[in-house]
Amino acid sequence: MNKLYILIILSCLLFTNSLAQAASPLVSVDWVKNNLGKEGIVFLDVRGPLAGKTKADYLRGHVPGAIWTDYLMGGWRVANKDKIVGMLPPVTKLEKLIGGLGISNNDHVVIIPNGGKALDVGTATRVYWTFKVLGHENVSILNGGMVAYLAEIDPKTKKPLNPLEKGMVKVTAKSFKGNLQQAMIINKSDVNKASQAGGILVDNRPHNQFIGINKHPKATRFGTIPNSKSLPENWLTKNGGGMFSSPARLNKLYSYASIPTKGSQINFCNTGHWASLGWFVSHEILGNKEAKMYDGSMAEWTADKGLPMQETAKIN
């Protein structure tokens, strides 16, 4: 076996190993820096209003080569025929959206949130869930988002050390085909059956909404789905910020909330945004492949007056 042949084999093995590592749910700032400009890796910047950011922030500086997308207005979520907001769009529309961003089925997508707080990290987990629903497995999130990426500062210039690029990255549309994972989609009937059967329902909304003191504008009734357990979304990240807690700490949190980390589980919130954080932690970080997310959440559940509510506070 000649030296050239050995080098080719080693190169292939290293490339394969790199892809395997790249497909982990979370990647670090160092991973991003080491993979800048590599073919087949697409950085998707999802910073927006939920983080107090606009497209202008992206234009002023972003990870080199990163593509910007509008999470709230760009077509990632739509109102369905019953006027329930924040729902998963039809597959054909998502195919057009994703392909239009220059993403193909062969690309590894790395989603970059702002990373300032759990709320804006939910943008990344919701987009991540969408890719998974479409059967696209090669997707990751930058843990800590742009806040982590910009954290390293030159002590002399006081400017970020990590490379930045200004302006809009031009993309060429590609073909993207979704393979809908129907098993990941559940409706209010599925949730009602789980509730009545004593299944594990996890409410990822703030605790004040769980007990019925306050409610989201899109929820028409106070309280929660009967037999649910509370696990607020800002428990899932370090101090409610942009970095996910370690698996060891998350296991302790789940134990404190009396929520198992194995077996059937349904995460919900108001419109399927906060719940995507809960699903991501359970399904992707803790490895509970039976965890699912209820897309319609309280916006859909409370709109159906025939479905029961549990109101602990009972003050409204």
Side-chain angles (χ1 to χ4, degrees), residues 18-36 38 40-48 50-51 53 58 62-72 74 76-77 88 94 97-98 101 103 107-151 162 184 204 233-247 249-250 267 269 272-289 291 293:
S18 174
L19 285 179
Q21 293 178 353
S24 63
L26 292 172
V27 297
S28 67
V29 170
D30 284 342
W31 187 95
V32 169
K33 290 190 292 183
N34 291 333
N35 286 276
L36 292 175
K38 287 189 178 179
I41 296 176
V42 177
F43 296 107
L44 187 63
D45 192 318
V46 296
R47 287 177 291 169
L50 294 181
K53 302 294 180 180
Y58 163 84
H62 53 80
V63 170
I67 300 161
W68 183 79
T69 187
D70 190 330
Y71 170 70
L72 292 181
W76 290 101
R77 306 171 73 193
L88 184 76
L94 286 170
L97 166 63
I98 294 169
L101 292 170
I103 298 170
D107 290 323
H108 174 208
V109 182
V110 179
I111 305 166
I112 303 176
N114 184 59
K117 53 186 177 180
L119 175 65
D120 81 71
V121 176
T123 303
T125 54
R126 174 67 192 218
V127 172
Y128 182 103
W129 176 83
T130 301
F131 273 104
K132 290 285 186 171
V133 167
L134 293 175
H136 191 81
E137 293 295 322
N138 211 10
V139 58
S140 304
I141 294 173
L142 170 58
N143 198 13
M146 281 300 291
V147 169
Y149 188 81
L150 297 172
N162 293 329
M184 292 181 67
N204 293 123
E233 44 86 33
N234 61 7
W235 286 19
L236 303 173
T237 58
K238 295 179 181 178
N239 203 32
M243 296 287 291
F244 283 95
S245 294
S246 68
R249 189 169 191 274
L250 289 168
N267 293 271
C269 57
H273 177 88
W274 284 330
S276 69
L277 272 161
W279 171 84
F280 182 84
V281 166
S282 291
H283 195 277
E284 300 296 281
I285 296 180
L286 298 181
N288 182 8
K289 299 310 178 184
M293 188 186 81

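Everything quoted here is computed from the prediction, not taken from an experiment. Starting from 1, each residue takes its place in the sequence as its number.
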- Without swapping roles, check the side chain of Asn239 against the backbone of Gly241 for a donor-acceptor pair under 3.5 Å. no
- Parallel, tilted or perpendicular: rings of Phe280 and Phe244 (30°, 60°): tilted
- Query: Taking the inter-plane angle between the rings of Trp129 and Trp279 on a 0 to 90° scale, is it parallel (under 30°), tilted (30 to 60°) or perpendicular (over 60°)?
  - Reply: perpendicular
- Are any side-chain N or O atoms of Arg126 and backbone N or O atoms of Gly272, one a donor and one an acceptor, separated by less than 3.5 Å? yes
- Item | Heavy-atom check, side chain of Met146 versus side chain of Val63, under 4.5 Å | yes
- Reference residue Phe43; test side-chain contact (heavy atoms from CB on, under 4.5 Å); the match among Leu36, Ile111, Val109, Leu142: Leu36
- List the steps and the verdict of side-chain contact (heavy atoms from CB on, under 4.5 Å) for Leu134 and Ile98. CA-CA 11 Å; Leu134 293 175; Ile98 294 169; 3.6 Å; yes
- Task: May I ask you to test the Ser276-Met293 pair for a side-chain heavy-atom distance under 4.5 Å?
- Result: yes
- Report the residues that fulfil side chain to side chain donor-acceptor pair (under 3.5 Å) with Trp68, sequence neighbours left out, ordered by chain and then residue number. none
- Mark yes or no for whether Ser140, through its side chain, and Val110, through its backbone, hold a donor-acceptor pair below 3.5 Å. no
- Item | Donor on one side chain, acceptor on other, Trp76 and Thr130, under 3.5 Å | no
- Could you go step by step and tell me if Ile141 and Thr125 meet the side-chain contact (heavy atoms from CB on, under 4.5 Å) rule? CA-CA 8 Å; Ile141 294 173; Thr125 54; 3.8 Å; yes
- Message: I need the minimum non-hydrogen distance between Asn143 and Ala148, along with the two atoms involved.
- Response: O-CB, 3.9 Å
- Task: Compute whether any side-chain donor of one residue and acceptor of the other, for Asn234 and Lys117, lie under 3.5 angstrom apart.
- Result: no
- Query: Would you find a donor on one side and an acceptor on the other, under 3.5 Å apart, between the side chain of Asn288 and the backbone of His283?
  - Reply: no
- Please lay out, stage by stage, how Lys53 and Tyr58 fare under the test side-chain contact (heavy atoms from CB on, under 4.5 Å). CA-CA 8 Å; Lys53 302 294 180 180; Tyr58 163 84; over 6 Å; no
- If we only count heavy atoms from C-beta on, is the Leu88 to Leu94 side-chain gap below 4.5 Å? yes
- Got a donor-acceptor contact below 3.5 angstrom from the Asp120 side chain to the Gly116 backbone? yes
- Check: His136 side chain, His108 main-chain N or O, donor-acceptor pair, under 3.5 Å: no
- Query: For residues His273 and Tyr71, is any side-chain donor paired with an opposing acceptor at under 3.5 Å?
  - Reply: yes
- Task: Write down the atom of Trp235, the atom of Ser245, and the distance for their closest heavy-atom approach.
- Result: O-OG, 4.2 Å
- Contact summary for Leu286 and Pro247, nearest pair of heavy atoms: CD2-O, 3.9 Å
- For Ile67 and Leu101, which heavy atoms make the closest approach, and how far apart are they? CD1-O, 3.0 Å
- Query: Residues in salt bridge (charged side-chain N to carboxylate O under 4.0 Å, His left out) with Lys132, at least two apart?
  - Reply: Glu137, Glu284
- Item | Distance (rounded to the nearest 0.5 Å) between Asp107 CG and Asn138 CG | 8.5 Å
- side-chain contact (heavy atoms from CB on, under 4.5 Å) evaluation trace for Thr237 with Met243: CA-CA 5 Å; Thr237 58; Met243 296 287 291; 6.0 Å; no
- Query: Between Asp45 and Ala66, what is the shortest heavy-atom contact and its length?
  - Reply: CB-CB, 4.4 Å
- How long is the gap from OG1 on Thr123 to CD1 on Ile112, to the nearest 0.5 Å? 13.5 Å
